[in-house]
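Structure first, then comments.
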Amino acid sequence: PALKGMANLSVQLGNHARAIDWYNRARRQGPSDASLLNSLAFSHRVVGHPDRARGLWLRALSFEDDHADAHFNLGTALYLDGEPAQALPHLRRAVELAPDSAKYHNNAAAAHRAAGLPLQAVAFWQSAIRVDSSYMDAYFNTAYTFQYDLGDPESALRHWEVARELSPADADV
């Protein structure tokens, strides 16, 4: 626990390279700790080792398939790396495991939109709004998708209005 604590402190201080060292030390004592592997993978991603991060997330999931954060982080990384179709199963699973996370719904929606599935994206953004009615990004993204992908400006307008109420200084809204 002390080694993992030092790693987490290094992350909080923004020193992911040092965190990797601490996580690797802790890993010698808990090689199948999915939470530790998830954190180690995240730090590898931050320092520019995306392939290593993916491998660690997959390893974490091999030990604990119901680790929501590992599914979320792997899915988000795949989406950001331009592989939204491969991200979808992981992001869907993350939402299934942690249905009260608006952030999980939001990223699942973004990946669906990037994969050419705007209706499914809207459904995930609307579920993010049900989880957190003040989650401005979900309103913005829903409005954008309705307006530009689905050609439905009337539905978009309702969401633009709420986004503007939540973030009146945002010029994009």
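Asp149 and Tyr144 are not linked by any side-chain donor-acceptor pair at a separation below 3.5 angstrom, with hydrogens and angles left out of the test. If you check the side chains of Ser35 and Asp33, you find no donor sitting under 3.5 Å from an acceptor. For the residue pair Asn107 and Thr76, a side-chain donor N or O sits within less than 3.5 Å of a side-chain acceptor on the partner. Side-chain contact check for His71 and Arg92: no donor-acceptor pair (N or O, by modelled atom type) lies under 3.5 Å.
Under the 4.5 Å side-chain contact rule for hydrophobic residues, Phe124 and Tyr148 do not share a cluster. Trp125 and Leu119 end up in different hydrophobic clusters when Ile, Leu, Val, Met, Phe, Trp and Tyr side chains are linked at under 4.5 Å.
Looking at every heavy atom in both residues, Leu37 comes nearest to Pro31 through CD1-O, 3.9 Å. Contact detail for Ala114 and Tyr79: the closest heavy-atom pair is CB-CE1, 3.6 Å. The shortest heavy-atom contact between Leu166 and Pro168 is C-CD, 3.6 Å. In plain terms, the two heavy atoms of Val173 and Trp160 that are nearest each other are CG1-O, 3.8 Å. The two residues Val47 and Ala17 make their nearest non-hydrogen contact at CG1-N, 3.8 Å. Minimum heavy-atom separation, Ala68 to Ala94: O-CB, 3.7 Å.
Comment: Lys103 does not engage Asp137 in a salt bridge, judged by the lack of any side-chain N to carboxylate O separation of less than 4.0 angstrom. For the pair Arg93 and Glu96, the salt-bridge criterion is met [side-chain N within less than 4.0 Å of a carboxylate O].
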Tell me, with the steps shown, if Tyr135 and Asn106 meet side chain to side chain contact (heavy atoms under 4.5 Å, CB included).
-> CA-CA 9 Å; Tyr135 199 73; Asn106 185 68; 3.6 Å; yes
Take Gln147 and Asp152 through the side chain to side chain contact (heavy atoms under 4.5 Å, CB included) test and state the conclusion after the steps.
-> CA-CA 5 Å; Gln147 185 165 341; Asp152 184 353; over 6 Å; no
Would you sort out whether Gln12 and Leu9 count as a side chain to side chain contact (heavy atoms under 4.5 Å, CB included), showing the intermediate values?
-> CA-CA 5 Å; Gln12 289 174 358; Leu9 179 59; 3.9 Å; yes
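Counting heavy atoms from C-beta on, the side chains of Leu80 and Arg45 come closer than 4.5 Å. The shortest side-chain heavy-atom distance between Met6 and Leu3 does not fall under the 4.5 Å cut-off. Within the 4.5 Å cutoff, the side chain of Val11 has no heavy atoms near those of the Val46 side chain. Within the 4.5 Å cutoff, side-chain heavy atoms of Tyr23 are placed close to those of Ser43. Looking at heavy atoms from C-beta onward, Val95 lies out of side-chain contact with Leu91 at the 4.5 angstrom threshold.
Taking the centre of each ring, Phe140 and His159 stay at or above the 6.0 Å mark.
Distance alone, capped at 3.5 Å, places no donor-acceptor pair between the His105 side chain and the Val131 backbone. A side-chain donor-acceptor contact under 3.5 Å links His112 to the backbone of Ala108. Put simply, the side chain of Ser167 never gets that close to the backbone of Ala163: no donor and acceptor are under 3.5 Å apart. His67 places a side-chain N or O within 3.5 Å of a backbone atom of Ala70 that can act as its donor or acceptor partner. Checked by atom type and distance alone, the side chain of Tyr139 pairs as donor or acceptor with a backbone atom of Ser133 at under 3.5 Å. Between the side chain of Asp81 and the backbone N or O of Glu83 there is no donor-acceptor pair closer than 3.5 Å. Between the Asn73 side chain and the Asp69 main chain, a donor and an acceptor come within less than 3.5 Å of each other.
Within a 6.0 Å sphere centred on CZ of Arg164, other residues, nucleotides and ligands contribute 12 heavy atoms or fewer.
A cation-pi arrangement is present between Arg25 and Trp22, with the terminal nitrogen or guanidinium carbon under 6.0 Å from the aromatic centre and inside a 45° cone about the axis.
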